[in-house]
Visitor: 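Mind looking over this structure? Questions follow.
Every chain is numbered from 1 and lettered A, B, ... according to where its sequence line falls, protein lines coming before strand lines. All values below were derived from every heavy atom in this structure, side-chain atoms included, with hydrogens, water molecules and symmetry-related copies excluded.
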Amino acid sequence: MTTDLLERERAVAVKVVMMGKNVTTFHGKEPLSLGDVLAEMGTTGNTEVRVNGVTVDKTHRLTSGDMVLVVPKIRGG
Amino acid sequence: MSAEGTNVPSLSEAPLQGNSPDGGPRIPSEFSLIVECGKGASPLSAYSSALGPIPEVLTHYADRLRVPFWFLGRKNGYSRSLRGEAIFLHHFALPTPPVLFGIWPRVPPTRLPFAFGYPIAPAAQQAFPPGAQIGRGHLLRDQEGQGVAETVTGNIYFLFNLLGQDGELRCFLLRRLLDLGLPQVLKELSTLSPLGLEPLQDTLETLRRETEEAATTWSRQRQARVQQAYLQECRSRVHGETAFLEQEMQFIEDNLEEYARRITGETRRLSAYQRRLNTLRGTPSQHEQHLKDLAELKELPEVREVQIQDGRITVFTTPLRAEFDGREFHLGSYRMEISFAGDIRIHNLTDALGAYDHPHIYQGRPCLGNIREGIAKMIGEYQIVVTVYVLLDFLKTVNTKDWRIPIAYWQEVGS
């Protein structure tokens with residue numbers, strides 16, 4: 001029981017929006033970095049990534065409730 | 001003045017034959033034009049305007065050489081050589097009959113597309129070819145080897161239709177013919193002119209150089225006119241194609257908007273089915289998440305205010321900047337209207353440039369480029385907050401390849 005609670009405390013749930021594809025909730029264990037999520041989601045390098053609307057480094061540590069937005073490099077028409 | 005063996009009426013006495021295609025008086029098929037020199041010469045206004053620059057050129061040569069000229073035209077292509085107190089110029093004629101008994105083409109006509117390097121008018125390319133028939137004169141060729149004239153003691157025969165050419169070309173062709181032919185009748189010139197042989201030769205050389213210089217100038221002018229016409233044609237084509245492309249782009253834009261609306265609708269249908277499925281499976285509602293997202297949206301530093309009414313969410317931004325080429329530009333504050341049906345309008349409230357709200361927005365209609373479908377899907381999924389994130393990124397990004405107006409028109413930060 002105690003182990004379960006500890007596991008739940010350490011779990012991190014972030015919302016991942018891959019524009020044009022899907023919106024999912026990603027569950028991972030602390031410490032969870034942006035790079036971990038991107039590697040797990042299989043994103044290519046030709047995208048731009050924001051966490052809560054801000055550009056951050058791949059080593060940025062995510063916390064529960066963060067929103068990761070993955071968009072292609074924007075090219076207005 | 002008298003000439004042996006000619007009773008051709010002067011041009012002023014000859015009957016005019018209707019009108020030429022350009023509306024001017026037509027040159028009669030038979031004529032003679034006498035160009036005197038010195039004080040006895042007629043004023044240029046005495047000559048028919050249909051002759052174009054012929055009298056002017058002949059008067060100039062007559063004055064300089066102090067020799068009168070007779071310019072003759074015969075309708076059957078045969079003009080007897082004359083003797084008298086003038087140099088005789090026979091227009092488009094031979095010193096021997098080209099047709100015998102009215103039926104036998106002794107000298108069959110040919111075509112002369114170029115004379116002295118100038119293109120001859122297609123409708124007037126008839127010419128007499130060089131030949132060895134009895135009575136033919138001494139053949140004169142232009143620099144390209146084309147037979148263009150013949151001389152017979154004091155007479156110069158033009159072998160092509162000089163008067164069929166347009167005015168400017170006539171002038172240069174006549175000058176070239178005179179420059180080519182007069183040295184061949186130098187003996188007769190020296191007997192007619194009070195100038196001596198050497199001054200005559202010098203004058204002929206001077207006239208030839210004048211012709212060269214005038215021809216060079218005319219060539220440059222013609223080239224300039226051609227260039228101007230070409231540029232005009234290019235501009236016209238570009239203008240036409242631009243109008244076509246703008247029309248097509250507008251059509252495609254309308255189509256894309258329609259497709260975006262469809263994507264939104266279909267995505268929404270998919271989401272509705274997903275929600276229904278989740279409900280059936282006992283998944284909690286996403287309403288709480290939507291409310292949380294909206295609160296996050298209001299917290300964004302670029303968002304000044306959010307309003308929701310009439311089926312759309314309206315977001316007012318703070319003044320935005322975009323970076324391009326190492327420089328930052330002040331774009332102004334925007335109002336983004338995101339319709340839940342999928343339409344998006346973005347208006348620049350403070351720094352619009354005419355109909356341009358942004359390098360990629362014209363009259364409030366954004367050209368979303370590669371994110372159009374993604375945006376449409378996100379609206380369909382009610383991911384409005386994420387949509388605003390992306391649209392804010394869109395506003396802060398410019399793409400030189402497809403922009404409608406360069407960002408340099410906006411004020412640079414710090415300028």
Side-chain angles (χ1 to χ4, degrees), chain A residues 4-5 7-9 11-28 30 32-77, chain B residues 249 252-253 256 263 267 270-271 274 283 286 289 292-293 295-297 299-303 322 346 358-362 365-383 385-405 407:
Chain A
D4 285 350
L5 283 172
E7 281 292 318
R8 204 173 297 165
E9 272 182 9
V12 179
V14 294
K15 181 175 170 183
V16 181
V17 180
M18 299 189 73
M19 204 182 82
K21 292 182 180 172
N22 52 37
V23 181
T24 55
T25 303
F26 184 90
H27 298 276
E30 278 196 324
L32 182 67
S33 70
L34 175 62
D36 295 335
V37 175
L38 296 178
E40 192 71 27
M41 301 294 286
T43 56
T44 62
N46 198 25
T47 53
E48 290 179 8
V49 183
R50 308 273 189 278
V51 176
N52 301 328
V54 181
T55 306
V56 294
D57 196 70
K58 281 189 178 177
T59 56
H60 177 81
R61 196 165 165 182
L62 299 172
T63 56
S64 276
D66 280 350
M67 184 173 70
V68 178
L69 171 63
V70 183
V71 293
K73 285 195 185 299
I74 296 175
R75 282 186 286 107
Chain B
M249 282 170 66
I252 293 168
E253 283 280 338
L256 284 171
I263 290 172
T267 307
L270 186 66
S271 295
Q274 185 67 51
T283 306
Q286 292 185 342
Q289 183 61 40
K292 185 169 170 285
D293 287 349
E296 280 178 8
L297 177 61
E299 293 302 314
L300 278 179
E302 294 97 338
V303 175
I346 304 176
H358 181 273
H360 294 291
I361 304 175
Y362 179 68
R365 299 171 72 162
C367 189
L368 295 168
N370 65 332
I371 57 169
R372 180 186 296 276
E373 294 85 356
I375 290 273
K377 277 192 79 175
M378 285 198 301
I379 296 173
E381 291 165 347
Y382 294 99
Q383 297 290 340
V385 177
V386 184
T387 303
V388 173
Y389 280 157
V390 177
L391 289 178
L392 284 169
D393 272 352
F394 165 76
L395 288 173
K396 291 186 279 184
T397 310
V398 289
N399 166 23
T400 57
K401 193 179 166 192
D402 296 315
W403 63 20
R404 295 174 175 217
I405 182 172
I407 195 169

Visitor: Got more than 12 heavy atoms from elsewhere within 6.0 Å of CD, B/E253?
Guide: yes
Visitor: So how far is it from A/E48 CD to B/T397 OG1, rounded to the nearest 0.5 Å?
Guide: 6.0 Å
Visitor: Indicate yes or no: at least one non-hydrogen side-chain atom of A/M67 is less than 4.5 angstrom from one of B/Q383.
Guide: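 The answer is no, as the side chains (C-beta and beyond) never meet within the 4.5 Å cut-off.
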Visitor: Sub-3.5 Å donor-acceptor pair from the side chain of B/N370 to the main-chain atoms of A/K73, do we have one?
Guide: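 It does hold such a pair.
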Visitor: At a heavy-atom distance under 4.5 Å, which candidate from B/L368, B/I263, B/L300 has the highest pair count against chain A?
Guide: B/L368
Visitor: Need one label for B/I371: side chain, backbone, both or neither, based on atoms under 4.5 Å from any heavy atom in chain A.
Guide: both
Visitor: Rounded to the nearest 0.5 Å, how far apart are OG1 of A/T55 and CG of B/D393?
Guide: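 Output value for this atom pair is 6.5 Å.
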Visitor: Identify, with sequence neighbours excluded, every residue that meets side chain to side chain contact (heavy atoms under 4.5 Å, CB included) alongside B/V385.
Guide: B/D293, B/L297, B/Y389
